[in-house]
J.: 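Here it is, the structure, as structure tokens.
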Protein chains: 2
Amino acid sequence: MEDGTSKFPGHCGDTGDDYGVLQWDTREDCEVRQILDRVADKWSLLVIALLDRRSLRFTELRRQIDGVSQRMLTRTLRHLERDGLISRTVHPTVPPRVDYELTPMGATLHDTIRTLVTWTEEHQNEIAAARAAYDARALAEQEAAERESAARDALARDVLAGGR
Amino acid sequence: MEDGTSKFPGHCGDTGDDYGVLQWDTREDCEVRQILDRVADKWSLLVIALLDRRSLRFTELRRQIDGVSQRMLTRTLRHLERDGLISRTVHPTVPPRVDYELTPMGATLHDTIRTLVTWTEEHQNEIAAARAAYDARALAEQEAAERESAARDALARDVLAGGR
DNA sequence: CAGTATCCAAGCAGATACTG
DNA sequence: CAGTATCTGCTTGGATACTG
């Protein structure tokens, strides 16, 4: 068995001192932060997105999610099942068949996830541009530093040569 | 230097075969998937949420985000800056002062993130209940298996005892 | 088919020490 | 103050082999 979050940290969002929007940021081991980590997980997002279309079996999921190992897929599915976001139904046939599908709660999660995905799609060009600009700036700075260093070395050599 | 995503995978969302909502799931190294991983990062979420309130300096962020090391905070800030989600302004004073704030794009991201946080807050009880139910079920199954195994052992002992 | 179990490598992340 | 640099443990995750 591979454990799986044995600690129950307790709430931290109802302390009453709500000075704006969030209180979940200060405390570590906040339950909201834990759930967020689970939900914002790389594979979880993909699984939920895929299952929103229709229920899928293990191998179908595995094929559709490029790059996932069966270990990670299994883990992800167990976690989502434990959190009540997906349901797992085993058909006692030979060979065995297992179907995964979103629970109602999982479906509501997908709605909010989709806004995140949509945001990403809409801004991917802007982000790519920002990265390119950042990298270009960093490169320019680095080259400037190298030129300066080279100039300093040359100067030092000249001084030494003139001094002898 | 600590590198920082040197590969540019190129788009994968405009293939045209859009049979529903998503195409970004199949291919690994999809740009959307990468951005999503960055954006859905544990610390990124917290930083963006905090900076939405007001701009903050390095140490203020560090104090408000419980559990982050300065290494991770620095990395997160650099990544977000590179992606054009936050801006970094250095005030040439002594001691130095650096302010971080959301860019307009970062602010739009916070809007979508907030829906995710809200979802989490609204469902944390339901999720906790689902976990408890799952764990209880798993425990029950395990105990049942142990009882069965014990019964089998007892039967075997009886058979042996009767056979001599 | 749908996993579980095990081993092992790479990278993530914390602690510490040092710098402009 | 706001970092960078380095060392290192530990988790994450892939590959492989095996089971019901």
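These numbers come from a predicted model, not from an experiment. Residue numbers start from 1 in every chain, and the chains themselves are labelled A, B, ... in the order their sequence lines are given, proteins ahead of strands.
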J.: How would you list all residue pairs meeting salt bridge (Lys or Arg N to Asp or Glu O under 4.0 Å) that involve residues 98-110 of chain B, not counting sequence neighbours?
T.: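 Passing the test, one end in residues 98-110 of chain B: Arg97(B)-Asp99(B).
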J.: Can you tell me if Arg62(B) touches the phosphate of dC1(D), counting only side-chain N or O atoms and a distance under 4.0 Å to OP1 or OP2?
T.: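 Checking Arg62(B) against dC1(D): no side-chain N or O falls below 4.0 Å of OP1 or OP2.
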J.: Nucleotides 15-19 of chain C: which of its N/O atoms have a protein N/O under 3.5 Å away?
T.:
{"unit_1": "dT16(C)", "atom_1": "O4", "unit_2": "Gln70(B)", "atom_2": "NE2", "d": "3.0"}

J.: Atom NZ of Lys42(A) to atom C1' of dT11(D): distance rounded to whole Å?
T.: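 Atom NZ in Lys42(A) sits about 15 Å away from atom C1' in dT11(D).
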J.: Would you give the length of the straight line joining atom CG of Leu46(B) to atom CD1 of Ile113(B), rounded to the nearest 0.5 angstrom?
T.: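 So the gap between those two atoms works out to 9.5 Å.
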J.: Between Leu61(A) (CG) and dA2(C) (P), how many Å, whole number?
T.: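 After rounding, the gap between these two atoms is 10 Å.
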J.: Ignoring backbone atoms, test whether Arg57(B) places a side-chain nitrogen or oxygen under 4.0 Å from the OP1 or OP2 oxygen of dA2(D).
T.: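 Arg57(B) to dA2(D) OP1/OP2: side-chain N or O found under 4.0 Å.
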J.: Figure out the CE/C1' separation between Met72(A) and dT4(C), and round it to whole Å.
T.: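 Distance check: Met72(A) CE to dT4(C) C1' gives 13 Å.
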J.: Can you tell me the distance, in whole Å, between the CG atom of Leu56(A) and the P atom of dC1(C)?
T.: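 So the two atoms are 15 Å apart, to the nearest Å.
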J.: Please report, rounded to the nearest Å, how far the C1' atom of dT4(C) is from the CG atom of Leu77(A).
T.: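 Interatomic distance, CG of Leu77(A) to C1' of dT4(C): 14 Å.
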J.: How would you list, by chain and number, every residue that makes a salt bridge (charged side-chain N to carboxylate O under 4.0 Å, His left out) with Asp111(B), sequence neighbours excluded?
T.: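 For Asp111(B) the salt bridge (charged side-chain N to carboxylate O under 4.0 Å, His left out) partners, ignoring immediate neighbours, are Arg114(B).
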J.: Could you tell me whether the phosphate oxygens of dG3(D), OP1 or OP2, come under 4.0 Å of any side-chain nitrogen or oxygen in Arg75(B)?
T.: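 Arg75(B) to dG3(D) OP1/OP2: no side-chain N or O under 4.0 Å.
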J.: Contacts to DNA chain D from residues 88-101 of chain A, heavy-atom cutoff under 4.0 Å, which residues?
T.: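 Of all residues in residues 88-101 of chain A, the ones placing a heavy atom under 4.0 Å from DNA chain D are Pro96(A).
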J.: Could you pull out all residues at least two apart from Arg88(A) that satisfy salt bridge (charged side-chain N to carboxylate O under 4.0 Å, His left out)?
T.: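 Expected list: none.
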J.: Roughly what angle, to 10°, lies between the helix axis at the start of the helix from dC1(C)-dG20(D) to dG20(C)-dC1(D) and the one at its end, five pairs per end?
T.: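 Inter-axis angle at the ends, rounded: 50°.
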